[in-house]
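The structure appears below as structure tokens.
This chain uses plain numbering: 1 for the first residue, then up along the sequence.
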Amino acid sequence: MADNNGVLIVCEVSDDAFSSLSTELLGCGRKLADASGQELAAALVGSRVGSYANEAAAWGADKVYVVENILLEDYQAEPYVAALEKIIVEVSPAIVLLGHTSSGSDLAPRLANKLKTKAVLDCVALEMDAGSNRMLQTKP
């Protein structure tokens with residue numbers, strides 16, 4: 001993924017509510033984006049998720065990408081990977097953050113494989129290294 005820009009957060013909606021983990025990831029993503037002087041974007045994939053785009057923006061996203069389809073009502077790996085792959089290829093972010101949820105843990109390695117990049121799971125802290133502008137990850 002050449003010419004990578006910004007940070008993309010994969011937001012989740014559960015029980016008809018914007019997940020608190022998504023707000024936490026947007027806060028973390030905002031810090032990473034600001035530290036690297038780049039943009040923060042959010043992705044919402046599912047059925048009836050478009051109404052949460054304003055909430056993602058309110059929590060710091062500069063841009064919000066929505067893929068909404070009734071066929072995405074229940075999580076299924078392949079359609080979600082296809083939707084997110086399309087967003088990631090279009091946006092070309094330097095960093096993609098997904099929550100440590102059952103779907104996030106399933107999607108991360110699948111997306112990394114499709115996009116020929118790496119996935120680091122179970123991070124407890126993320127920050128940008130000022131000297132190299134690379135993301136530093138802390139794992140338990």
Side-chain angles (χ1 to χ4, degrees):
M1 297 187 327
D3 299 325
N4 298 339
N5 309 298
V7 178
L8 175 70
I9 307 300
V10 177
C11 297
E12 293 186 28
V13 173
S14 58
D15 298 325
D16 294 325
F18 195 72
S19 78
S20 60
L21 181 55
S22 293
T23 62
E24 185 178 335
L25 285 171
L26 284 164
C28 179
R30 178 82 272 157
K31 289 178 185 174
L32 295 171
D34 290 347
S36 61
Q38 297 187 22
E39 200 168 68
L40 175 63
L44 286 159
V45 175
S47 173
R48 299 182 311 271
V49 295
S51 61
Y52 298 97
N54 287 337
E55 195 159 351
W59 283 99
D62 298 310
K63 292 183 181 174
V64 181
Y65 299 88
V66 177
V67 177
E68 192 171 56
N69 190 307
I70 191 68
L71 299 175
L72 297 168
E73 185 167 359
D74 296 316
Y75 174 74
Q76 296 176 52
E78 294 310 315
Y80 270 68
V81 167
L84 288 168
E85 179 184 18
K86 185 174 180 177
I87 292 170
I88 292 167
V89 167
E90 179 181 323
V91 176
S92 191
I95 299 167
V96 178
L97 299 180
L98 295 94
H100 185 72
T101 62
S102 58
S103 59
S105 296
D106 186 51
L107 284 169
R110 291 172 187 266
L111 282 167
N113 182 56
K114 281 273 202 188
L115 298 166
K116 310 239 184 297
T117 189
K118 299 173 187 84
V120 180
L121 304 174
D122 305 324
C123 295
V124 295
L126 302 171
E127 63 183 285
M128 296 303 290
D129 177 62
S132 66
N133 204 32
R134 296 181 70 147
M135 186 173 68
L136 303 175
Q137 307 129 15
T138 303
K139 292 177 57 84

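- Annotation: the span from Leu21 atom CG to His100 atom NE2 amounts to 9.5 Å, rounded to 0.5 Å.
- Annotation: side chain of Tyr52 is in contact with side chain of Asp16 (closest heavy-atom distance under 4.5 Å).
- Annotation: Glu24, atom CD; neighbour count of heavy atoms from other residues, nucleotides and ligands within 6.0 Å does not exceed 12.
- Partners of Ala43 according to the side-chain contact (heavy atoms from CB on, under 4.5 Å) rule, which considers only residues two or more places apart in sequence or in another chain, are Leu8, Leu84, Ile87.
- The hydrophobic clustering, which links ILVMFWY residues whose side-chain heavy atoms are closer than 4.5 Å, places Leu98 and Val13 apart.
- Side-chain atoms of Arg30 come within 3.5 Å of backbone N or O of Gly60 as a donor-acceptor pair.
- Heavy atoms of other residues, nucleotides or ligands lying less than 6.0 angstrom from CG of Asp122 number more than 12.
- Ser105 places no side-chain N or O within 3.5 Å of a backbone atom of Ser102 that could act as its donor or acceptor partner.
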Self-check item: From CA spacing to verdict: side chain to side chain contact (heavy atoms under 4.5 Å, CB included), Val96, Val10
Solution: CA-CA 7 Å; Val96 178; Val10 177; 4.1 Å; yes
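- A search for side-chain contact (heavy atoms from CB on, under 4.5 Å) contacts involving Asn69 returns Leu71, Leu72, not counting sequence neighbours.
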Exercise. List the steps and the verdict of side chain to side chain contact (heavy atoms under 4.5 Å, CB included) for Leu32 and Met135.
Key: CA-CA 8 Å; Leu32 295 171; Met135 186 173 68; 3.8 Å; yes
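- Across all their heavy atoms, Ala42 and Ala56 have their closest contact at CB-CB, 4.0 Å.
- A donor-acceptor pair under 3.5 Å links the side-chain atoms of Thr23 to the main chain of Ser20, judged by distance alone.
- Taking CD1 from Ile95 and CG from Leu126, the interatomic distance works out to 8.0 Å, rounded to the nearest 0.5 Å.
- Taking the side-chain contact (heavy atoms from CB on, under 4.5 Å) definition, one finds that Glu39 meets it with Asp62, Lys63, sequence neighbours left out.
- Pro140 and Val124 get closest at one heavy-atom pair: CD-CG1, 3.9 Å.
- Atom SG of Cys123 is separated from atom NZ of Lys139 by 5.5 Å, given to the nearest 0.5 angstrom.
- Hydrophobic clustering (side-chain heavy atoms under 4.5 Å, transitive across Ile, Leu, Val, Met, Phe, Trp, Tyr) keeps Val7 apart from Val89.
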Self-check item: Leu40/Trp59 under side chain to side chain contact (heavy atoms under 4.5 Å, CB included): CA gap, chis, key distance, verdict
Solution: CA-CA 10 Å; Leu40 175 63; Trp59 283 99; over 6 Å; no
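- Residues satisfying the ring pair (Phe, Tyr, Trp, His ring centres under 6.0 Å) test with Tyr65, not counting sequence neighbours, are none.
- For the atom pair CD of Glu55 and CG of Leu44, the computed distance is 9.5 Å after rounding to the nearest 0.5 Å.
- For Asp74 against Tyr80, the heavy-atom pair with the smallest separation is O-CE1, 4.0 Å.
- We find the CD1-CG distance between Ile9 and Leu97 to be 4.0 Å, quoted to the nearest 0.5 Å.
- Residues that satisfy the salt bridge (Lys or Arg N to Asp or Glu O under 4.0 Å) test with Arg110, not counting sequence neighbours, are Glu78, Asp106.
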Practice problem: Take Asn5 and Val91, measure what side chain to side chain contact (heavy atoms under 4.5 Å, CB included) needs, and give me the verdict at the end. | Solution: CA-CA 8 Å; Asn5 309 298; Val91 176; over 6 Å; no
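- Residues Glu73 and Arg48 have side chains in contact (heavy-atom distance under 4.5 Å, counting atoms from C-beta outward).
- Residues Thr101 and Glu12 meet the side-chain proximity criterion, which asks for heavy atoms closer than 4.5 Å.
- Contact detail for Ala41 and Ala61: the closest heavy-atom pair is C-CB, 4.4 Å.
- Checked against side chain to side chain donor-acceptor pair (under 3.5 Å), Asn133 has no partners two or more places apart in sequence or in another chain.
- One distance of note links CG of Leu111 with OG1 of Thr117; it measures 10.5 Å at 0.5 Å rounding.
- Nearest heavy-atom pair across Cys11 and Leu26 is SG-CD1, 4.1 Å.
- In this structure a side-chain-to-backbone donor-acceptor pair under 3.5 Å is present from Glu68 to Gly50.
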